[in-house]
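Everything below concerns the one structure shown next.
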Amino acid sequence: MKNSLIATAVAALSLGVALSAPAQAQDVSACLITKTDTNPFFVKMKEGATAKAQELGVTLKSYAGKIDGDSESQVAAIETCIADGAKGILLTASDTKGIVPAVQKARDAGILVIALDTPLEPIDAADMTFATDNLLAGELIGEWAAATLGDAAKDAKIAFLNLTPSQPSVDVLRNQGFMKGFGIDVADINKIGDETDPRIVGHDVTNGNEEGGRTAMENLLQKDPTINVVHTINEPAAAGAYEALKSVGREGDVLVVSVDGGCPGVKNVAEGVIGATSQQYPLLMASMGIEAIKKFADSGEKPEATEGKNFFDTGVALVTDKPVDGVESIDTKEGTDKCWG
């Protein structure tokens with residue numbers, strides 16, 4: 001762990017240390033490793049983990065990649081957590097397949113590894129996953145978009161603004177969930193981009209940020225300027241897509257849907273920038289993750305999945321001010337009461 005490669009990678013991480021825990025609990029330590037430290041989703045996740053760690057007397061160190069997709073820094077963080085003797089790691093993986101060997105090394109060292117939000121591939125590569133049902137989150141916005149369009153859905157022109165080329169599991173689940181909800185035949189539910197439905201204009205990646213969303217939307221509009229439905233991986237990407245649409249005078253006649261439920265995103269729903277979003281609860285994921293690590297440190301007991309699922313479901317709700325029959329939703333007032341960021 002002392003070689004220069006690891007030292008260099010660790011130096012590139014965003015590192016934050018929670019306030020000192022009580023002296024008697026210094027031996028219970030945990031790590032939070034997120035994709036970035038700028039996305040409001042991960043900021044709220046860190047807040048939840050930090051608050052719960054202080055409450056329970058757990059020493060928390062938090063790490064983040066430089067950008068979404070920076071798996072090398074996440075691997076380096078896992079190595080550091082192993083060397084530090086952490087009892088548990090909470091991880092939102094950028095590369096859900098590539099990080100598995102590092103995760104296995106941590107588990108072999110007796111560390112509890114919990115994936116937050118983004119399941120590893122395979123999902124049982126982590127001891128447990130605390131997450132939104134991302135397939136359901138995608139289905140909800142797909143069903144809403146199809147119902148909103150009505151008969152016009154059969155002639156829709158759909159753009160998909162995804163996350164990264166590596167197709168992390170959260171990206172695939174939301175993408176494929178939207179297709180199922182919209183009524184598109186999904187070829188391989190574990191893969192993005194192999195469908196043949198003529199309504200699909202194309203896919204581009206955004207890195208989960210506003211600039212990426214703008215660029216991806218511009219690229220797809222060049223391919224087909226008649227796009228009228230846009231699925232976005234998250235709300236920062238949706239905000240960027242809206243700006244690209246606005247620049248060509250299309251902001252008023254394109255349905256933009258997303259997943260996150262952050263306060264800026266809910267505000268964008270209220271203002272008509274986003275038609276509907278599926279709200280998830282990152283603070284709950286992280287705080288429950290810290291509770292699970294403390295319980296594991298005290299008793300050796302590991303968390304269990306929600307009945308009927310292979311992960312612990314932390315909930316999802318569709319947020320829109322334009323509800324449709326047959327799709328359960330909450331309005332932006334309630335969404336604001338539950339939002340984060």
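All residue numbers in this chain count up from 1 along the given sequence. Both backbone and side-chain heavy atoms feed into the values below; hydrogens, waters and symmetry mates do not.
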Counting neighbours of NZ on Lys191 that are heavy atoms of other residues, nucleotides or ligands and sit closer than 6.0 Å, is the number greater than 12? no
Check the surroundings of atom CD in Glu211: do more than 12 heavy atoms from other residues, nucleotides or ligands lie under 6.0 Å from it? no
Pairwise distance CG(Asn209) to CD1(Ile233) - rounded to 0.5 angstrom: 12.5 Å
Taking Ser278 for the side chain and Ala137 for the main chain, is one N or O donor matched with an acceptor at less than 3.5 Å? yes
By the side-chain hydrogen bond (donor to acceptor under 3.5 Å, both in side chains) test, which pairs, at least two apart or in different chains, include something from residues 217-229? Asp204-Asn219, Asp224-Thr226
Is the ring pair His231/Phe178 parallel, tilted or perpendicular, if the boundaries are 30 and 60 degrees? tilted
Applying salt bridge (charged side-chain N to carboxylate O under 4.0 Å, His left out) to Asp117 and not counting sequence neighbours gives Arg174
Nearest 0.5 Å, what's the CD-CG distance between Glu121 and Asn190? 7.5 Å
Lys87 atom NZ, over 12 foreign heavy atoms within 6.0 Å: no
To the nearest 0.5 Å, atom CG of Asn39 lies from atom OG1 of Thr34 at 9.0 Å
Would you tell me whether Glu195 and Gln176 have side-chain atoms, one donor and one acceptor, within less than 3.5 Å of each other? yes
Under 3.5 Å, is there a donor-acceptor pair linking the side chains of Gln104 and Asp108? yes
Residues Asp321 and Thr332: side-chain donor-acceptor under 3.5 angstrom: yes
Does either side chain, that of Asp68 or that of Asn207, offer a donor lying less than 3.5 Å from an acceptor on the other one? no
Residue pairs passing the side-chain hydrogen bond (donor to acceptor under 3.5 Å, both in side chains) test where at least one lies in residues 249-265, sequence neighbours excluded: Thr232-Ser258, Arg250-Asp253, Asp260-Gln280
